[in-house]
Each structure stands twice: as structure tokens, then as C-alpha cells.
Amino acid sequence: MRAVQDGRLPLGDTAVRHIDLCLGCRACEAVCPSGVPYGELLEHTRAHIEKHYRRSTFQNFLRRVAIEKVFPFPRRMNLALLPAKVVRALRVEKLLPRFARDALSLIPDDATQVELPEFSPAPASSRGRVGFVSGCVMSVLFGETNANSVRLLNRAGWEVVTPPTQGCCGALYAHGGNLACARDCARRNIEVFERHDLDVIIINAAGCGSTLKEYGQLLRDDPAWADRGRKFSAKVKDLTEFLVVSDLLSRGILPPRGFPLTRPAGHPLPIGWGEGRGEGKSAFRVTYHDACHLAHPQRVTKQPRDLVKAVAENNFVELPESDVCCGSAGSYNLTEPEMAERLQRRKVENILKTGAQIIVTTNPGCILQIRAGLKKAGANIEVLHIADFLARALD
């Protein structure tokens, strides 16, 4: 990567293809004994490629228009989803080319939008005030998950501020090599959240959280914003980092034992733990998938497992290769569908080995990718964001 940027290695098709096929999961960074900042090197290399390499018309449209001009803007994404809804309603998916069918399979049938209030008070005495990053994909496709995240925070005693003028975190831009736009996103969000007196800034999407925690690094060469970026990032916490099991138990948010999951409308599985501690013939298994950008750059793996285990107890089972990418990797499943599908199959095979009926994770892209893979395999397994999984304990 350094040789390409220094001009010592030609920027040809082979070098670009090698970089394009990288997931950017940063698993190598997490285990590198020398501490090489692979994520940062990759983003700068991709920025160099986008400035100096000529891509095909289709790839340019996909990267610069479909991904960068649609996904980071909720209103545009809503408009872009309308044709997909029409195609599904008419049941003409089979008439589409394979690439379009695969992309369509990622869109959830139960996409919900919930308008979050700017201020959500704690039900009793407040422990402090946190900011909430609602996200682009999360706000359009997982509105109920956002609402459940705020609900959990409120029940834990925190006032929640969700600034309506916040924007994209910049992750899609940074991962795609458009660092200028990523920095613009960072500046905007820093300015918006600085207006509120916040103890912590909460994010419930792993990919976004990784970028939000690196605003200081992203803006380090900008004297006017470097320090502000570092201060912002120091406040960012993933939802699972912030919700502590012992705290939830002591406040009565999670019952101490034997929690029964409620059955979602229309779901054919009898979702419930059975009697007592969920043991016996009616009990079933829950497993957890590590979202790459939570496990590797953020090093958060224990906290979400503790939360899942607090609910599932003896019915929790570890997922083989849990920290291996599912193939979503931001927009990778759109730009590199063949490799993404291989990883998707591998992930589904491991899920099926567990015998689990519910898989819990922390990233919207992972949820969409795994759901689509399980549907292809004909497996009736529910995939839930951890906020939705925990929110069932409140019902």
C-alpha cells in the first residue's frame, strides 16, 4: 500500500483488485504484534486509488452515486426503496438480473421508521445525559431498533438527546476512499453534538461506531478540528459497552432469571424459554455474531455476550468463527458480491451448526446479510439486533 502511494509500485489492475477484495474488517489489525494501523492505511490507499485509477462506468455509478449519494441520506434512501417495494409487490424479482436480485434480497420486509424525539427523559431520577446517533441505514430500515435503544437507555436512568440535524457518520465515505467527505461528516456531527451538554455519545451500529471513535485521527491534520475531534471520539460508546449487565439487573430492567421472550407477530417459531430458567424440551438456543468493526477496531466482544447471556442463560451457544466477517463489510456485498456470497455461505453454515433459533448481532449490515443468507438456505432462524433482543425483556 505504501509502495502504491509512493509511486514505487504501478497502480494497475492487479494492485487495485487486491485492495478492492479486502473486506476492511481489520481482523489482521487486532492481532498484529507490531500494531500496524491497517484500517488507516487501507482508507488512505483507497483514497489514492479513487483519485488516480479509472474505474468502469458501472463501478463509478455504484460507488460514487448509488452508495455515496443515496445511503448517507435517509430521504434519498426512502425514495430509492420505492422501486424495490413495487418489484416485491408485483413478485417479479425473477425477471431482474442476478446482481439486482441479490441486492433486493438484502432489503428487509419489515423495514420500519420511527421518528425519535429530540429529548427522551429518564422515567425516574436521571443519572446524566447521553447523545444518540440515529444513523442513516438504521433510521430508515431499523427505526424500531433505534427506538428500543433509546428505551433501554431511558430505563437505565439516562436522559437521551437525539439531535435532528445530525448527519451521516462518514463511515461509508471513509471505507470507500472518499476521506474529504468523511471529514465533512465528522465536522458536522461534532458541531451538532457539541451544542448539548453530554456525558456520553451512544451508537448502536458497529460500523458507524468505529468511525465515530476515530474522528480525532480523521481530523488530526486540521488544526481547527483536531482537538474537537479527539474530545468527541472520547465520548463515543457502543450501546453494549454502556449497558452493564449488573446495572440492568439491579435496576430491574432485566429479570434475574427465567426471562421469557415474547413471540413476534407472524413468526412461526414458538419463541419462549419454557418454564423457570428456560431449560427443558421447549427451550431453544441463542447465538451471537461478532460484527467486525465492533470486535476488531473497537475490541468490544465480552460486553455484548454478557448481555445476551444474561437473557439466554444456559441456552446461549457460541458461534464457530463468530468473528469471521459475514460478507456485508459496509458496502462490500454490493461492490464485491461474489466474495461476499462466499463469506455469507460460510457464516450460514456455522450458524446452522449451532442449532440456534435466534442469532443476535450489533450491526445493520450484518443483520441484512445474515438474514438474506439464511433465507437462501431455507433456514427459519430469527436474526435480531441486540437492542431488539434486550427490549423483549421489558415487555
Side-chain angles (χ1 to χ4, degrees), residues 58-59 61-63 65-115 134-148 168 172 204-205 207 263-269 271 289 326-345 347-348 351-352 357-361 363-385 387-389:
F58 174 73
Q59 280 291 327
F61 173 79
L62 181 62
R63 293 166 184 268
V65 179
I67 293 173
E68 292 191 358
K69 300 297 184 185
V70 176
F71 289 168
F73 304 93
R75 288 183 182 178
R76 296 180 193 177
M77 199 188 308
N78 272 321
L79 290 174
L81 289 174
L82 289 177
K85 293 177 181 178
V86 172
V87 168
R88 278 188 173 169
L90 296 175
R91 299 183 178 180
V92 293
E93 296 99 320
K94 292 182 179 180
L95 300 178
L96 299 174
R98 182 179 177 183
F99 171 82
R101 291 200 307 271
D102 289 344
L104 187 65
S105 71
L106 297 172
I107 302 172
D109 296 321
D110 59 347
T112 59
Q113 281 189 270
V114 177
E115 188 170 345
S134 54
C136 308
V137 173
M138 288 298 296
S139 62
V140 173
L141 301 181
F142 295 92
E144 194 63 40
T145 302
N146 275 350
N148 282 332
C168 173
L172 280 175
N204 62 357
R263 179 179 179 178
H267 198 282
L269 286 174
I271 294 183
H289 161 71
C326 65
S328 173
S331 56
Y332 187 90
N333 51 2
L334 298 178
T335 59
E336 300 294 339
E338 291 182 7
M339 181 64 76
E341 187 177 23
R342 286 171 57 185
L343 289 162
Q344 183 188 60
R345 286 198 303 268
K347 181 61 64 176
V348 167
I351 291 170
L352 295 177
Q357 285 80 35
I358 289 181
I359 178 165
V360 180
T361 190
N363 193 58
C366 299
I367 294 171
L368 299 178
Q369 180 79 349
I370 294 171
R371 278 180 181 172
L374 289 168
K375 187 175 182 180
K376 288 179 191 175
N380 192 12
I381 298 174
E382 193 174 19
V383 186
L384 290 175
H385 188 283
D388 299 320
F389 180 74

Requested in this report: For residues L352 and A379, report the shortest heavy-atom separation together with the two atoms involved.
Outcome: CD2-CB, 3.8 Å
Query - Heavy-atom pair of closest approach, residues I381 and I358 - result: CG2-N, 4.1 Å
Query raised in the report: Under 3.5 Å, side chain of N363 to main-chain N/O of G207, donor-acceptor pair present?
Result: yes
**Report entry** Contact summary for L141 and P108, nearest pair of heavy atoms
**Finding:** CD1-CD, 4.1 Å
Query raised in the report: What distance do R75 atom CZ and S139 atom OG have between them, rounded to the nearest 0.5 Å?
Result: 11.5 Å
Report task. Check the pair Q113, N78 against side-chain contact (heavy atoms from CB on, under 4.5 Å), reporting the backbone distance first and the verdict last. Result -> CA-CA 10 Å; Q113 281 189 270; N78 272 321; 2.9 Å; yes
**Report entry** Spatial distance of atom SG (C366) from atom CG (L368) [nearest 0.5 Å]
**Finding:** 9.0 Å
Query raised in the report: Which value, rounded to the nearest 0.5 Å, describes the distance between R371 atom CZ and I359 atom CD1?
Result: 11.5 Å
Query raised in the report: Does NZ in K376 sit with more than 12 non-hydrogen atoms of other residues, nucleotides or ligands closer than 6.0 Å?
Result: yes
Query raised in the report: Step by step, would you call V87 with E93 a side-chain contact (heavy atoms from CB on, under 4.5 Å)?
Result: CA-CA 6 Å; V87 168; E93 296 99 320; 4.0 Å; yes
Query raised in the report: Taking all non-hydrogen atoms of both residues, which atom of P364 and which atom of V137 are closest, and how far apart?
Result: CB-CG1, 4.1 Å
Query raised in the report: L384 and I367: which non-hydrogen atoms are nearest, and at how many Å?
Result: C-CD1, 4.3 Å
Report task. Can you establish whether the number of heavy atoms outside R342 located under 6.0 Å from its atom CZ is more than 12? Result -> no
Report summary line: Residues Q369 and L106: closest non-hydrogen pair is OE1-CD2, 3.5 Å
**Report entry** Value rounded to 0.5 Å, distance of CD in E336 from CG in L334
**Finding:** 10.5 Å
Query - Straight-line distance of C136 SG to F73 CZ, nearest 0.5 Å - result: 8.0 Å
Report task. Check step by step if side-chain contact (heavy atoms from CB on, under 4.5 Å) holds for T335 and L62. Result -> CA-CA 7 Å; T335 59; L62 181 62; 4.0 Å; yes
Query raised in the report: Roughly how far, to the nearest 0.5 Å, is the CG atom of L104 from the CG atom of L81?
Result: 9.5 Å
